[in-house]
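Written out below as structure tokens is the structure these notes cover.
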Amino acid sequence: MAIECITSSAKLMTQKSDKNENEESSKLVFDASFLKNQLNLPKRFIWPDDEKPCMNVPELDVPLIDFKNFLSGDPFAAMEASKTIGEACEKHGFFLVVNHGIDTKLIEHAHSYMNDFFEVPLSQKQRCQRKTGEHCGYASSFTGRFSSNLPWKETLSFQFSDEKNPSHIVKDYLSNTLGEDFQQFGEVYQEYCEAMSKLSLGIMELLGMSLGVGKECFRDFFEENKSIMRLNYYPPCQKPDLTLGTGPHCDPTSLTILHQDQVGGLQVFVDNEWHSIRPNFNAFVVNIGDTFMALSNGRYKSCLHRAVVNNKTTRKSLAFFLCPKGDKVVSPPSELVNDLTPRIYPDFTWPMLLEFTQKHYRADMRTLEAFTKWIQQKQN
């Protein structure tokens, strides 16, 4: 679910690979219609032995947050929900939201419309090819950016803006980029993003209560958010034990709201072992990202997770990455800073961290730590 989640290496990308390797990798194209039937995987998709997937992992007992009870105004229900969410975020940063009020038909359409894009020929998808250093557009794996540990997936990413003045940024981007035939496609994801933004602000109320800073603190911070929506498409792989759909990473964003289809694949690293999260079409999987970990002054965890693939069925997921408006300074509320819990991370803005993950660093479980050092070096 990361902005770029390719490898767990902690090396800066400024340490360039040799020229020949880069030239060779740029020629590699991830054409799912061809590769999904191949028994011999290109070596760049084969992960190191210590990171290869294990399919039979224990299931994670993820706490359920009943949003209907919270929204009812019942103070006891709100207190219980904030307690449950706080315990989950201190331990591993993952929880499920049920009774969320999002129209089931909208969710179904958001999943089904993915096929309209990902099942067309590669040449058509490449009309909105992501450019180097950018985070929006189509990516067939990340063959143009990295030369090893490539993910077995395709993605389509686009920006969402929750400005007070009505904005149709999602619909306009998709229809302008893909053509008039995709106008309905754009309308579906515009509506879906608006629903996710509304849900995320409600979750921020709960997170504020759980941290003792009040319901409005983080809700106000994320109003008029400039977020990212991503459609993840994991085609079958004939050797799923050799590759990963998404490598181990923590999300650099603030909050991720993920909706899985019924095909399992999401795994979370908790208590020194990998666990699976069972698909639940009636629930959203929510996890804390690095930016909110910084906002909480390290109290809430951005958890390591990955996605595995299988040799039979395509897996699809919808990921909404909540991000603050560009001019918002990420700094924890004063209530979370004292002599016993001093500041851990320097002030920064989301565009600074986004630039770091797009141009200088392969997102992994140490992104925030590396980003902190990068900021400090720039300031010295």
Side-chain angles (χ1 to χ4, degrees), residues 1 62 64-72 81 94-120 125 128 136 138 153-163 166-206 222 225 227-235 255-266 277-287 307 313-322:
M1 290 187 282
V62 187
L64 293 174
I65 305 299
D66 191 325
F67 223 61
K68 184 177 180 180
N69 286 343
F70 167 64
L71 294 175
S72 70
F94 270 82
F95 53 94
L96 295 179
V97 172
V98 295
N99 293 326
H100 41 70
I102 308 300
D103 187 354
T104 302
K105 288 295 184 183
L106 174 61
I107 298 172
E108 291 175 351
H109 287 158
H111 276 284
S112 65
Y113 270 81
M114 289 177 68
N115 297 333
D116 289 357
F117 176 78
F118 288 106
E119 293 185 2
V120 302
K125 290 181 281 192
C128 58
C136 290
Y138 168 70
K153 69 173 180 179
E154 300 175 273
T155 61
L156 178 62
S157 307
F158 39 91
Q159 186 149 332
F160 169 76
S161 177
D162 190 27
E163 297 175 337
S167 170
H168 300 97
I169 185 173
V170 173
K171 183 180 72 172
D172 292 344
Y173 170 77
L174 292 174
S175 59
N176 291 340
T177 305
L178 300 175
E180 292 183 3
D181 290 345
F182 282 84
Q183 183 172 348
Q184 183 65 34
F185 182 90
E187 290 176 356
V188 166
Y189 292 112
Q190 177 72 48
E191 185 179 354
Y192 186 86
C193 287
E194 290 170 358
M196 291 301 99
S197 179
K198 182 179 179 180
L199 177 61
S200 66
L201 294 180
I203 294 171
M204 281 298 160
E205 289 187 10
L206 267 177
F222 285 98
N225 60 81
S227 297
I228 300 167
M229 182 72 206
R230 172 164 296 165
L231 313 182
N232 294 309
Y233 198 82
Y234 302 92
L255 193 75
T256 302
I257 303 180
L258 181 81
H259 195 276
Q260 305 186 79
D261 62 10
Q262 295 302 96
V263 181
L266 177 61
I277 294 184
R278 178 187 298 179
N280 180 346
F281 200 84
N282 296 317
F284 287 99
V285 182
V286 183
N287 71 271
T313 310
T314 295
R315 176 176 179 262
K316 296 179 287 185
S317 68
L318 304 159
F320 180 83
F321 301 102
L322 179 69

Student check: side-chain heavy atoms of [X] and [Y] closer than 4.5 Å:
X: Ile203; Y: Ile257; answer: yes
X: Val285; Y: Val62; answer: no
X: Leu156; Y: Leu174; answer: yes
X: Ile102; Y: His259; answer: no
X: Ile65; Y: Leu96; answer: no
X: Ser227; Y: Phe222; answer: no

Look up atom [atom1] in [X] and atom [atom2] in [Y], then write down how far apart they are to the nearest 0.5 Å.
X: Leu64; Y: Asn280; atom1: CG; atom2: CG; result: 7.5 Å
X: Leu255; Y: Asn287; atom1: CG; atom2: CG; result: 7.0 Å
X: Met229; Y: Phe158; atom1: CE; atom2: CZ; result: 5.5 Å

- Query: Nearest heavy-atom pair of Arg230 and Ser157: which atoms, and what distance?
  - Reply: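 Result for this residue pair: NE-OG, 2.7 Å.
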- Task: Provide the full list of side chain to side chain donor-acceptor pair (under 3.5 Å) pairs with a residue in residues 179-202, sequence neighbours left out, each pair given once.
- Result: Asp162-Ser197, Gln190-Glu194, Ser197-Asn225
- Message: Please enumerate all residues that pass side-chain hydrogen bond (donor to acceptor under 3.5 Å, both in side chains) together with Asn99, with sequence neighbours excluded.
- Response: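 Listed in chain order: Asp66.
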List, one per line, each side-chain donor-acceptor pair under 3.5 Å for residues 112-120, sequence neighbours excluded.
unit_1	atom_1	unit_2	atom_2	d
Ser112	OG	Glu108	O	3.2
Ser112	OG	His109	O	3.1
Asn115	OD1	Lys316	NZ	3.2
Glu119	OE2	Tyr233	OH	3.1

- Would you confirm whether Arg315, through its side chain, and Val263, through its main-chain N or O, come within 3.5 Å as a donor-acceptor pair?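 Side chain of Arg315 to backbone of Val263, a donor-acceptor pair under 3.5 Å: yes, one is there.
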